[in-house]
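Lettering of chains follows the sequences in order, A, B, ..., and the numbering in each one begins at 1.
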Amino acid sequence: MKRIRQTVKTENPVLQTPQRSKKLKTCFYGSAFDKSHLQTLMDWGTLPLHVVLHIFQFLPLVDRARASSVCRRWNEVFHIPDLWRKFEFELNQPATSYLKSTHPDLIQQIIKKHADHLQYVSFKVDSSTESAEAACDILSQLVNCSIKTLGLISTAKPSFMNVSKAHFASALTVVFVNSKSLSSIRIDDTPVDDPSLKVLVANNSDTLKLLKMSSCPHVSPAGILCVADQCHGLRELALNYYILSDELLLALSSEKHVNLEHLRIDVVSENPGQTEFHTIKKQSWDALVKHSPKVNIVMYFFLYEEEFDAFFREETPVTHLYFGRAVSKAMLGRIGMNCPRLIELVVCANGLQPLDDELICIAERCKNLTAMGLGECEVTCRGFIEFVKMCGGRLTELSIMEEVLIPDNDYNLDQIHSEVSKHLGRLWFPDMMPTW
Amino acid sequence: MSTMLHRTIHLFRKGLRLHDNPTLLAALESSEVVYPVYILDRKFLMSAMHIGTLRWHFLLQSLEDLHRSLTKLGSCLLVIQGEYESVLRDHVEKWNITQVTLDAEIEPFYKEMEQTIQALGGEMGFDVLSSMGHTLYDIRRILDKNGGTPPLTYKRFLHILSVLGDPNAPVRNLTAEDFQRCKPPSALGLVEGYQVPRPEDLGIPQQSQSPWRGGESEGLQRLEQHLKNQSKNHSLPPVSLQGQLLWREFFYTVASATPNFTKMVGNPICLQINWYQNAEGLHKWRMAQTGFPWIDAIMTQLHREGWIHHLARHAVACFLTRGDLWISWEEGMKVFEEMLLDADYSINAGNWMWLSASAFFHQYTRIFCPVRFGKRTDPEGQYIRKYLPVLTNFPSKYIYEPWTAPEEAQKQAGCIIDRTLRPRKTKDPSSHRRNGVELRTESTAPKSQANTLTTKPRLLNFGSPWSHSDPHSTCQGPQPKAVSRLHASVGRGM
């Protein structure tokens, strides 16, 4: 280790905060005034602990771990609780994964020394069952902890679904029972079930603010209703349509409940015609919006064209709409008529008929629309310009694939971009895919 | 003021053309003799890239054509086989060479080669002259104008170009006079060791089923034809030729300034994604056996002819990566490199990253559905019938999803679908979400993305129709990809 040989100047910020270092060894400060000790004590290894801590906070874990092997003092700092509040466990099988894994020794160390310090924890697992099971094993050992944020993330196939329901539930409930102050939970694509949710609610109803559980097939409408009924601080919720119910919306709108900020609903069908979708009553939606007037209601649709019947028959307060597969012209017409709160609309595919009328209706009736994306659709240039004229500068995001626009007698593609730019008040081009 | 005239070896590498060739022109103007040389260094080529049979044929045809063109002007092409460094050593000495001229290239293996040649020049006492001949602009200027880094969105790129102004005009055509002064000894061209080899000489299968022939002349002819066929108001970029050139320039620019451009790991602009290791899936995709006729027809054309329309490339690239198989784009890139006649380091890797949503993000990313996309634009399935003759008699209604056809229809069409081999739809219920926002935020975003990632990138099933012209004409022939300086991309080497 290099020794600092130059004289210590008063500009040195370390020496300018003598108050903070009262807990440090006084010999260090003695050295500033006692020149005979200067050379032996001005050493990287004798930097004040809070300084080393501050520096360590900028280092990625790998570098921090290396630094901790340098000397006993730095090793002390490595284990200061502040550095262990937030941790992301990365669990990947080396034989099949491109990404690295958190070292098993480190995992052991964390469980032994830092389990009680952990507050913001996430698990990123690859598509192998072993990784998901390893995550569950770690969860089961987080007994003396006060975790606030928990995230279970599948970076590839949802491998938590391959873990037995019982094993998963028991691991998860360890955290639910022991933390008692969980505020944010992301457990999408997991086999979480109603009983586990009951445990969550029994222990964390005062603190829970965010719950994301899309694609959790073992949860029933009753299970999520239990959460809404008891967790009155819930602000963000993500779930699948089949567990959404009128009762749930009403529970989220009860007087005791805080304002809901964000509701995400995935509407998914794996095989055409397989699922019958129930309708949500208008009154339930109305109650929700009355209670939480600023709520964002985000709906992701992955349905086949013939399955949309239950939706948008009446006024629906959705704000962000994404159609991940095709959606019919008729449906887009309904949306124009019944979605006055719409802010963003993204359509991946439609048919071969121009959508001029539907777009103009949307421009007319969705006065809050600020973002639109169109993929495999057709719109005439004239119709598109009309749409843009009506929306004007409120369209901050307009993403149209170039092939969507059909030249007509009024405009061709060359003229389109300048016309649209004029009405938007900024330079605009359609989106382009590279020509390969 | 005259300086001593050089004795020059002009090294053809990637640019196998005479038209708009500033380096060759400079060689001719500065020399008393110019040896036009192509070093066929198999070891070097095979270590730098995957080259399949069709590409070898294309290269040899291009060399033949170049030789013919040079002969017409009173010169000839000297093809020398062997490791490039030792070939150069031998011939610099043999021919008393004082200058080696070659096009500057951006690919790392070509840059390394140029450095080796520079070092050799220092050692043996010859000058090395290299100038850019493969891009419209000097790429360093583009990087400079963008603060030292490559623009990562096309819009930004276009903006930088608009600041730089028009590209340089092509240099003048070469004439017989130019070569008259600099003729290598005439007997040389007839020497056995300097002839263009035939496929069988290199141990390559003699047959090539591809309808496309290599060479500058072929390329020029196709270009003329294309320009004649173009309708009067063809659209501005990107469908037009100009657009194609600009996209090429875009990818060249990024590639030149990005380390590990053809890999995910260590590539600063590439999202680190946990792709599946799936050798069987990859093999099926490569061998046109996925079970989706649309995908399999495209891969069949790729094997057989070495060229597929760019939207077909999008379809199969999306299928392999983000759309269905979730296999790394690097694997697909290698297959394309092997089989595409117009495979190109920057464009290939760049597009694979784009299509797999690994880089170049913008607001919404496309995913092409292997059934819907083709159905939309070729409802009768003519393309499928051509390349998968087993489905020739299949009714159009089912041809994109033959497993949905009732037994009777299958029997009538003479093609029974083995239901056990039906393409597996990804079974997990959240496959739709894996193509959604969540995955983007969970994969490790490279640090340099900060200024290019828009706030909430979404990945959705955006497909696209073919351009509004006859699908057959767009899908059965290559669009000549270049004008002026670049039209020899079809008449070039590797």
Tell me whether B:K263 at atom NZ has more than 12 heavy atoms from other residues, nucleotides or ligands lying less than 6.0 Å away. no

Mutual orientation of the aromatic rings belonging to B:H310 and B:H314 [parallel < 30°, tilted 30-60°, perpendicular > 60°]: perpendicular

Geometric cation-pi criterion, A:R325 with A:Y304: 6.0 Å, 45°: yes

Contact origin within B:F250 toward chain A - heavy atom pairs under 4.5 Å: neither

Who among A:A95, A:G351, A:A326 has the most heavy-atom pairs with chain B under 4.5 Å? A:G351

For A:D189, is there an ion pair with A:K212 - N to carboxylate O distance below 4.0 angstrom? no

Applying a strict 4.5 Å limit to non-hydrogen atoms, the region of A:N162 in contact with chain B is neither

Cut-off 4.5 Å, heavy atoms of chain B, and the answer for A:S97 is both

